[in-house]
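Read the structure below first, then the notes.
Scope of the values below: all heavy atoms of this structure, side chains included, with no hydrogens, waters or symmetry mates. Keep in mind it's a predicted model, so treat the numbers as computed, not measured.
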Amino acid sequence: MNKKVVIVVLVGIILLAASLSYLLFISQTNSSSERINILFLGADARTPQTQGYTDSINILSIDKNTKEVSILSIPRDTRVQIAGKGVDKINSAYAYGDINTTKKTVENFLKVRIDYYVLVDFTDFKELVDSLGGITMNVEPHISAVRPELHGKTGVSKLTGDEALIYVRFRQDSESEGGRMKRHREAITAIINEALNPSNILQAPTVLNQLRKNVKTDIPPLETTVIEKLITGFNIDNAKTGVVTGEYTHINGINYMIPDMNKTEKTIIDLGLRD
C-alpha cells in the first residue's frame, strides 16, 4: 500500500496546483478569511465497496494577499482522536467514515480550519509522467547503481514514467523512509514544473481529463484558462514546509507516532496556517 500512496500523491498534485490557482484569482471564496486551507489526501481504496486509507495527508495553506504557500504533512501513523470513533491512526479516519470524518479529525487535531479538500485515488503514475514527456529529477548514483531499470541515468536526468516510478519507490538505503519522502517531494516539484512548461501548457486539458474521474474535490469547477494564470501565480519551490513530528512507539502491537503537540503548535504558527 505504501508504494501506491506515493503514486496517488504525485498524480493528484497536478490537479491540486490548478485548483489552487483558481482559488487565488477568483474574487470571492467560501470564506472571508485571508487564508485558504486545503486538505490534500491520497487514498488507497481496495475495492469499490471499501473506502481505503488516506496514507498521504497534507494541508496546503495559501495567503490570498501575498500568494505565499505553506505545506504541512501529517504522518499516516499519527495517533489521534478520530471524530466520533475513538483513538487510532489518522489515516483510518477515512476508512471509518468518509471525507467529512477525515476533515473533522484533522480540524480537531490541529485546531486548523479546512476550507476545501482534494482526494485522489489513482495509481497509474507512469502514464501521467509519460503524457508530460517525462520529468526531470536529480538521480542519486547509488540508486541508479542498484536499479538497472534506470538505465544508468545519474544526476539531472529526464525520466520516463517507468523510470520515475522505480526512483520514487526506492527506500532500500540508509535513509529508508526519509529518503523516499525526500524523493517524493522532489517528484512533486518535477511534475508541477513539467506541467507548467510552456511546451506542455496545451496538454493541460488532456492531463486534467485523465485525472478527473479519479479525483474528488469540493473546490469550485476549474477553467482551462486558469493554467495561464497558474504560471505566474503559483510556485511550489517557494513554499514553506513542515511536518508533524513525535515519537514512534508500539501500543498493543501496533506502530503509532505520538505527536509532540508543543512542536506541532510551533510548526503551525511558523507556517501561518491560522489567521
Side-chain angles (χ1 to χ4, degrees), residues 1-17 19-20 36-46 50-62 69-85 87-123 168 177-178 180-185 187-188 214-219 236 239-246 248 254-261 263-265 267-268 271 273-274:
M1 183 163 62
N2 293 350
K3 295 178 180 179
K4 292 183 178 180
V5 170
V6 174
I7 307 170
V8 162
V9 173
L10 298 181
V11 170
I13 198 68
I14 297 298
L15 183 58
L16 178 60
S19 302
L20 290 176
I36 299 168
N37 293 330
I38 300 175
L39 182 63
F40 181 42
L41 305 165
D44 177 28
R46 308 285 182 82
T50 59
Q51 294 273 52
Y53 295 84
T54 52
D55 280 0
S56 294
I57 307 171
N58 299 273
I59 297 175
L60 286 93
S61 184
I62 310 101
V69 178
S70 298
I71 304 173
L72 176 67
S73 299
I74 308 173
R76 64 176 188 168
D77 293 330
T78 304
R79 195 169 190 261
V80 300
Q81 182 77 30
I82 306 296
K85 298 296 180 179
V87 176
D88 206 334
K89 295 183 179 184
I90 197 168
N91 72 335
S92 299
Y94 187 62
Y96 277 131
D98 53 21
I99 190 63
N100 290 326
T101 303
T102 304
K103 176 181 175 181
K104 195 65 178 177
T105 296
V106 172
E107 288 183 326
N108 291 344
F109 169 47
L110 299 176
K111 304 299 186 291
V112 169
R113 184 194 71 255
I114 300 297
D115 298 303
Y116 303 102
Y117 76 87
V118 173
L119 174 70
V120 183
D121 183 6
F122 191 70
T123 60
V168 300
E177 187 69 8
R180 186 191 67 84
M181 291 178 66
K182 179 185 71 174
R183 286 182 286 277
H184 170 186
R185 292 190 295 270
I188 288 174
N214 302 100
V215 175
K216 296 179 181 178
T217 182
D218 59 352
I219 292 176
I236 195 172
K240 295 189 294 184
T241 62
V243 180
V244 173
T245 60
Y248 282 86
I254 300 174
N255 188 42
Y256 292 99
M257 195 277 283
I258 309 300
D260 184 321
M261 295 312 298
K263 291 182 179 179
T264 296
E265 179 66 15
T267 299
I268 289 171
L271 295 179
L273 300 188
R274 302 194 188 105

Quick one: which of Ile38, Leu110, Ile71, Ile268 gives a side-chain contact (heavy atoms from CB on, under 4.5 Å) with Ile59? Leu110
Applying side chain to side chain donor-acceptor pair (under 3.5 Å), can you list everything that pairs with Lys89, at least two apart in sequence or on another chain? Asp77
How far apart are the C-alpha atoms of Lys103 and Tyr116, what are their side-chain angles, what is the distance that settles it, and do they pass the side-chain contact (heavy atoms from CB on, under 4.5 Å) test? CA-CA 9 Å; Lys103 176 181 175 181; Tyr116 303 102; over 6 Å; no
Using only atom types and a distance under 3.5 Å, with no angle test, would you say the side chain of Asn255 pairs donor to acceptor with the backbone of Tyr248? no
Dump the intermediate steps for side-chain contact (heavy atoms from CB on, under 4.5 Å) on Leu72 and Ser61, then the final yes or no. CA-CA 8 Å; Leu72 176 67; Ser61 184; over 6 Å; no
Would you sort out whether Arg274 and Val112 count as a side-chain contact (heavy atoms from CB on, under 4.5 Å), showing the intermediate values? CA-CA 6 Å; Arg274 302 194 188 105; Val112 169; 4.2 Å; yes
Nearest atoms (heavy-atom pairs only) where Ile82 meets Tyr96: CG2-CD1, 4.0 Å
Measure the OG-CZ distance between Ser92 and Arg79 for me, rounded to the nearest 0.5 Å. 11.5 Å
Taking it one step at a time, do Lys111 and Glu265 satisfy side-chain contact (heavy atoms from CB on, under 4.5 Å)? CA-CA 9 Å; Lys111 304 299 186 291; Glu265 179 66 15; 5.9 Å; no
Please name all residues satisfying side chain to side chain donor-acceptor pair (under 3.5 Å) with Thr267, sequence neighbours left out, ordered by chain then number. none
Partner residues of Thr102 under the side chain to side chain donor-acceptor pair (under 3.5 Å) criterion, sequence neighbours left out: none
Distance check, rounded to the nearest 0.5 Å: Leu39 atom CG versus Ile99 atom CD1? 6.0 Å
Partners meeting side chain to side chain donor-acceptor pair (under 3.5 Å) with Gln81 (sequence neighbours left out): none
Atom of Asn108, atom of Ala83 and distance for their closest heavy-atom approach: ND2-CB, 4.5 Å
Under the side chain to side chain contact (heavy atoms under 4.5 Å, CB included) rule, collect the residues that match up with Lys263, sequence neighbours excluded. Thr245, Asp260
If we check side-chain contact (heavy atoms from CB on, under 4.5 Å) with Pro75, which of these qualifies: Ile90, Val244, Asn91? Val244
Glu107 meets the salt bridge (Lys or Arg N to Asp or Glu O under 4.0 Å) criterion, sequence neighbours left out, with none
Quick one: pull up CD1 in Ile36 and CZ in Arg113 and give me the separation to the nearest 0.5 Å. 9.0 Å
Exactly one of Asn100, Val80, Ile57 clears side-chain contact (heavy atoms from CB on, under 4.5 Å) with Thr105, and that residue is Val80
